[in-house]
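Keep in mind that the numbers below use all heavy atoms, side chains included, and drop hydrogens, waters and symmetry copies. To find a chain, count down the sequence lines: A is the first, B the second, and so on, and within it residues start at 1.
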Amino acid sequence: MAMADQNARQGFRLSMLIYDTRYRSLTIQVVVLMGFMAGGVWLISNMLANLEALGKDLGFGFLKVQAGFEIQPQLIEYSSQSSNLRAMMVGLLNTLMVAVIGCFFATIIGVMIGVARLSKNWIISLLMSVYVEMFRNVPVLLWIVFSLAILSETLPKPNDFRGADATATMYLSESIAFTNRGFYIPLPVFGAGSMVVVITFILALVGVFFFGRWSKTRQEQTGDILPNFWIKLAILVVPALIIFFIMGRPIGLDYPALKGFNFQGGLKIGTPFLAILFALVAYTAAFIAEAVRSGIQAIDKGQSEAAFALGLRPNRTMSLIILPQALRVIIPPLISQYLNLAKNSSLAVAVGYIEIMGTIGGSVLNQTGREMECILLVMVAYLSISLSVSMIMNLYNNSVKLKER
Amino acid sequence: MADLSFVRTDMLPDQPAPLGETGVLRWLRTNLFSSIPNTIITIAAIYAVYFTLSHFLPWAIQPSWTKTSMRDCFDSVEVTGACWGVVTERFNQLMFGFYPPDQQWRIMLTVVLMLAAIAPVLFDKIPRKALVFSAIYPFLAFWLIWGDSVWAPAMVMAGFVIAYYIIKFLNPVAGAIVGITTAVLVAVIWWLYAVVPVSIFINNIIPIELDIVKSREIGGFALSIIIGVSGIALSFPLGVILALGRQSDMFIVKVLCVGFIEFIRGVPLIALLFVASTLLSFFLPKGTSFDLLLRVVILVTLFAAAYLAEVIRGGLAALPTGQYEAADALGLDYWKSMQLIIMPQALKISIPGIVSNFIGLFKDTTLVSIIGLLDPVGLTLAIRGDVDWAGILWELYLFIALMFWIFTFSMSRYSMYLERKLKTSH
């Protein structure tokens with residue numbers, strides 16, 4: 001009693017800031033915050049002093065200035081007269097293009113390889129292990145320059161397609177050409193009335209969605225399983241095809257053709273884009289394959305045995321029992337692989353594919369000499385890509401996560 | 001009637017197993033030809049392997065290891081494919097960059113000593129005393145690689161020794177806070193004001209010097225290993241601190257750590273390397289300029305630390321709460337419980353992640369070629385710029401890829417070994 005009184009009487013002493021656990025964390029936080037702010041102020045004042053010494057200022061006015069350099073490919077209209085801001089946007093879209101297409105293919109290939117690695121066929125699983133170890137253990141930059149070298153050294157020049165003694169040929173009845181400048185493929189041309197076909201197709205997509213829901217409810221009520229895949233395919237294709245022919249084939253294809261020294265028409269997919277895409281897809285697929293393999297192996301064997309005991313066939317066991325559970329394990333590493341792919345796309349500078357790093361972090365930076373602002377913009381761009389991807393994927397992850405109640 | 005029935009009274013001898021159920025045939029049947037689709041796949045795969053090898057091997061197996069230029073290979077009758085002469089002729093350069101040839105023993109020695117220094121960390125059978133050498137090693141390596149007087153790194157190290165002894169003697173007398181604060185202050189004062197004059201003074205009396213080598217002369221795999229190993233070593237403590245900070249109850253500490261980790265992880269390494277090459281000098285007092293290699297190591301360390309922190313955080317989160325509570329119940333304070341109970345277990349759980357992080361970091365060292373350092377990938381440009389080797393391509397890339405593969409593959413095998421060794425569950 002006396003002790004307690006004494007403590008109460010003494011009240012707050014300064015040493016309690018350090019020795020009393022109630023206050024200690026507060027002290028530490030204040031010290032850390034002060035240290036952080038002091039460091040920040042020191043860095044920023046250094047930066048301002050340095051900029052002043054060089055006669056530079058901070059500002060984003062340079063974004064409105066004419067860019068004066070060309071960018072290939074461009075998803076939105078852009079010319080060398082456009083502003084630096086426009087150039088940055090073109091670069092950002094190019095980054096997103098390679099990231100989205102890359103993630104798509106990397107997922108497909110990665111899942112296939114991951115599943116094949118667990119195959120009972122000895123030679124298949126061996127080959128897949130070789131693939132995974134080969135791609136995972138060599139730097140991605142090396143793969144990128146390697147794939148550029150393969151594309152530009154081993155493929156024929158456009159010139160080789162020419163004349164009677166052409167050494168190279170186009171494929172699929174003269175519609176696709178693989179050259180060292182890029183791949184040329186037919187480009188769809190939307191004529192008058194093509195909108196009707198497109199709208200039909202979109203309606204069919206909606207129809208497929210509703211059919212899927214109806215079929216599931218029906219299955220739950222009656223136990224019957226319809227041949228869902230074929231019905232969905234029919235809904236998707238048949239009406240659109242009928243309309244397509246009724247409207248008099250409004251969607252045509254523009255085929256690439258050799259004119260002069262190069263191919264004209266069609267859609268050109270440039271070699272730098274292909275180089276970075278192939279390398280990133282192959283590299284990331286190896287990592288995704290590992291995630292898929294470990295995800296499937298993480299599922300207890302009892303699960304598949306239980307499914308067999310219930311009389312499910314192997315493919316139904318996989319799709320209804322194993323994969324839904326494996327997905328929970330697979331998705332978190334998959335997210336980080338998607339993010340890695342998006343970030344690795346910045347290595348496109350090594351092969352001359354112009355994306356955000358090549359525009360704002362490259363040409364614009366070199367022309368305006370504004371390192372600070374340009375690199376800040378690059379970082380902001382990548383940060384927003386990363387944070388939004390991880391946000392979306394986390395939402396998805398929460399929806400498939402095991403619900404603990 | 002009854003004796004018509006016949007019951008065998010003796011056992012039949014064992015039949016040998018059917019031919020398809022034993023030995024090689026059984027293995028072939030179950031692993032390669034278990035069903036018709038499987039057989040088709042097997043044959044297709046074998047053909048694919050044959051096709052690849054039948055094109056690759058004739059190209060790769062060439063008596064061209066002694067050729068000294070591209071022209072040599074073209075002129076030679078027996079060389080029809082790969083010109084491996086570039087690997088023999090430029091081997092030194094690919095390994096050491098432009099490090100002075102008569103000084104290259106220093107790099108070799110550094111690498112050999114590195115093995116000696118990390119051995120006690122990796123294998124616990126080696127006596128603990130050997131860790132002293134591991135502590136000395138970074139300073140020794142710095143001196144060996146960059147040369148100049150031995151006394152400068154020695155005096156920097158002396159700062160750590162002084163701080164250690166101050167803590168050791170002052171802590172029991174005046175308490176931990178006073179001891180640590182004094183030690184840090186004394187060490188900083190020592191480094192700022194005493195290291196330079198003292199090392200110059202000692203060097204005048206006992207001069208032990210090596211030729212100075214400039215950072216831009218270092219290249220090849222030596223550069224990759226320097227950046228990789230110092231990044232790994234320096235990022236480890238930082239990563240542990242960041243992970244603890246992220247799991248901390250203190251709001252401000254947590255926010256700062258999360259902000260740092262998410263920022264670094266959201267940005268590609270190449271952007272950070274651009275920061276190292278162009279921006280970092282802006283943030284330092286006017287007139288400070290230090291080596292590009294050092295700047296790169298700093299940024300690589302920060303980068304690796306953020307990733308490492310996430311891996312270790314995973315390990316911390318995977319520990320059952322009972323471990324934390326048990327540590328508290330034993331009356332251990334925060335640092336003691338972390339050091340003795342939590343961290344050993346959390347690190348063990350996160351070993352696979354940590355090693356794959358390190359492998360990733362080592363592979364990422366190739367990115368420095370984009371900012372102009374001469375790592376192996378950067379050297380390919382320099383070599384192809386030479387008249388003798390203009391147009392060489394596959395041989396160099398294959399060699400570099402193989403070297404990286406050997407490094408990283410052995411690291412990943414080591415991590416598996418470590419996992420098995422540290423496994424305590426059944």
Salt bridge (Lys or Arg N to Asp or Glu O under 4.0 Å) filter on B:Arg413, not counting sequence neighbours, yields A:Glu133

Side chain to side chain contact (heavy atoms under 4.5 Å, CB included) with A:Leu141: of B:Thr365, B:Ile270, B:Leu367, only one passes, and it is B:Leu367

So for A:Val380, is it side chain, backbone, both, or neither that comes closer than 4.5 Å to the heavy atoms of chain B? neither

Filtered by a 4.5 Å non-hydrogen cutoff, the part of residues 350-361 of chain A contacting chain B is A:Ala350, A:Met357

Can you find a heavy atom in the side chain of B:Thr366 that is under 4.5 Å from one in the side chain of A:Leu142? no

Would you mind checking which part of A:Leu48 comes under 4.5 Å of any heavy atom in chain B, side chain (CB onward), backbone (N, CA, C, O), both or neither? neither

With sequence neighbours excluded, give me every salt bridge (Lys or Arg N to Asp or Glu O under 4.0 Å) pair touching residues 29-45 of chain B. B:Glu21-B:Arg29

Chain B contact via A:Leu127 - side chain, backbone, both or neither, heavy atoms under 4.5 Å: side chain

What I'd like to find out is whether the side chain of B:Phe283 reaches to under 4.5 Å of the side chain of A:Trp42, using heavy atoms alone. no

Could you have a look at B:Phe274, B:Phe362, B:Trp405 and say which one has the most heavy-atom pairs with chain A under 4.5 angstrom? B:Trp405

Under 4.5 Å from any heavy atom of chain B, what part of A:Ser388 do you find: side chain, backbone, both or neither? neither

N/O donor to acceptor pairs below 3.5 angstrom from side-chain atoms of residues 330-341 of chain A, sequence neighbours left out:
| unit_1 | atom_1 | unit_2 | atom_2 | d |
| --- | --- | --- | --- | --- |
| A:Ser336 | OG | A:Pro333 | O | 2.9 |
| A:Tyr338 | OH | A:Thr107 | OG1 | 2.7 |

